[in-house]
Amino acid sequence: MKRESKFKQWARKVKQKRLAKRKHYSIDRILWSSFALFAICVILVTGSFQLFTTRKVLKEQISDDLNMVVTEAYLYFDNNRYLTSEQTNNYLYYLSVSKNVNARILDRNGKVVYPSNWQGTETENFGELIASVEEKIKDDPNKRGLSLSDRDDLYYIGYLNNSKSNFLCISRSLEIVNNSMNVVRVQTIFLVILALCIAFLVSGVIAMRLSKPFTEMTNKAKELEKGNFDIDFSGQYYYSEMDDLAKGLNSMRTALSNSDKMQKELIANVSHDMKTPLTMIKAYASMIQEISGDNKEKRTLHTQVIIDEADRLATLVSDILDLSKIRAGIDTLNFAVFNLSEYVYSIIRKFEYLEETQNYHFVPDVENDLYVNADREKIGQVIYNLVGNAVNYTGEDKKIGISLKREKDLIHLRITDSGKGIKEEEIATIWDRYYRSEGTHKRPVKGTGIGLSIVKAICEKHNLVYGVESTVGEGSTFYVDFYAVKAE
Ligand code: ADP
């Protein structure tokens, strides 16, 4: 055997541990959590995307607007170099009102120079901002300033003119962006809650539909467990899989019911069949003890009855065991190619003592060297049972015909007797365990009422065609068709 690598051993152990720890959840719970997770993921992804794009688009728009205002302001200040304080104030006021911005002129320290009456409440340290802008644009002589932003505002800061002593600072509030973001956030939260509710409802309905048939099936299975074999698993299910499951469970129920019936029948029959020989054994043993103990002749007669009845019990037990094993599938078939012709002869020879002792007459018509591929021992049981029955049930002439003939690919085994035959209505039932036609029959070969059930079980396991042709008053022919094979 190949040795498992260390890694594989470790992986197997981890898998086993994981499986052992795995919790089992109800369909409702799994469905609900999957739905909810899916909905939340979708909403969070779309929500974040919306947040990101809205912010970006709005900011770009505000930045473009601000750039236009800056361009306009520079154009004005470049063209009007010698403005009075009032004119500067007026222009900055005009910009602020008409363009919805905060426009001012700062000195190098960040102090507002214009508008002169500036009363802004901004907390920014413009001095630092100016220093950082100057630092950033110092290598680019074409640049006059830069746009900057913080959480609440977007700024432009740049030199007012070539003297580089004053700075133009125009800012625009980002309030609209922040407000929009808040709306999107609230929307997303609302959608998540809505999605959770919908997921709860939808998964509830689906889970109910999904789990209802399972619950029904479980309840029915519990009924079946209690021994109620009338239970019907089929019902009005939404899914074809459930119908298939119901069909499977129904056939399982039928099989269980049959096996239960068979078991009860078996116990009843076995106890009945065992009781007779046991009563006989006890009766004859008492007789030996009380009456025939000293009489050798009688004692031999009585002990012989005990031996015969004990034999009958032993045969009954071994037949029942054989049949149960074959039926339960415990007894696997050992296929092998063998000479069926010789085998049939050897079985006939076992019955030859009946020719000498009880005037039976066996008429074999066996074609030589016919080979089959089958379980030799089991096929022996089939032939032995069929010949034994023919011996038991043949007519006054005590004739038994055994023929083995090949026809194309088939080998026909036919065992014929000249007995009273089997009634049409009985033919189907004789193969059932413990079936025995009415009336007692004196048998030279011991019968237990199981012989034909064993024949049936073995033939069916081999997939062989078998049966009986019978005419009441004339006799019966039991047959089995084998598949011919070449000798090995
Ligand atoms: P048993 O022979 O021990 O009763 P079997 O299973 O071998 O049990 O046979 C079942 C029944 O089938 C028999 O009781 C008998 O009624 C009928 N049967 C079997 N073989 C023959 C036969 N060759 N002729 C007439 N009836 C038969």
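All residue numbers in this chain count up from 1 along the given sequence. Computed over heavy atoms, backbone and side chain alike; hydrogens, waters and symmetry mates excluded. All ligand and atom numbering here is 1-based and tracks the order in the structure. As the structure is a prediction and not an experimental result, all values here were calculated from the model.
- Using a 4.0 Å cut-off to heavy atoms of G451, the atoms of ligand 1 that qualify are 5 (P), 6 (O), 7 (O).
- Considering both main-chain and side-chain atoms, D417 comes within under 3.5 Å of ligand 1 through a nitrogen or oxygen pair.
- Counting all heavy atoms, side chain and backbone alike, L464 lies closest to D481 at CD2-O, 3.4 Å.
- In this model, a donor atom of one side chain and an acceptor atom of the other lie less than 3.5 Å apart for D308 and Q304.
- With a 6.0 Å cutoff to the six-membered ring centre and a 45° limit on the axis angle, R253 does not count as a cation-pi contact of F233.
- Pairs engaging residues 465-488 under the ring pair (Phe, Tyr, Trp, His ring centres under 6.0 Å) rule: W431-Y466, W431-F478 [sequence neighbours left out].
- The backbone and the side chain of L452 each have at least one atom closer than 4.0 Å to an atom of ligand 1 (non-hydrogen atoms only).
- The option from I422, I450, V391, V472 that lies nearest to atom 26 (N) of ligand 1, judged by heavy atoms, is I422.
- A salt bridge does not link K399 to D417: none of the charged nitrogens lies less than 4.0 Å from a carboxylate oxygen.
- Distances shorter than 4.0 angstrom do not occur between any heavy atom of N392 and any atom of ligand 1.
- A heavy-atom distance below 4.5 Å is found between the side chains of I288 and I306.
- Taking the ring pair (Phe, Tyr, Trp, His ring centres under 6.0 Å) definition, one finds that F49 meets it with nothing, sequence neighbours left out.
- Residue contacts with ligand 1: S476 is included, with a non-hydrogen atom under 4.0 Å away.
- In this structure, W431 does not count as a contact residue of ligand 1, since none of its heavy atoms falls inside 4.0 Å of the ligand.
- Residue F478 has no nitrogen or oxygen atom sitting less than 3.5 Å from a nitrogen or oxygen atom of ligand 1, judged on distance alone.
- Heavy-atom contacts of I430 reach the following atoms of ligand 1: 10 (C), 12 (O), 17 (C) (cutoff under 4.0 Å).
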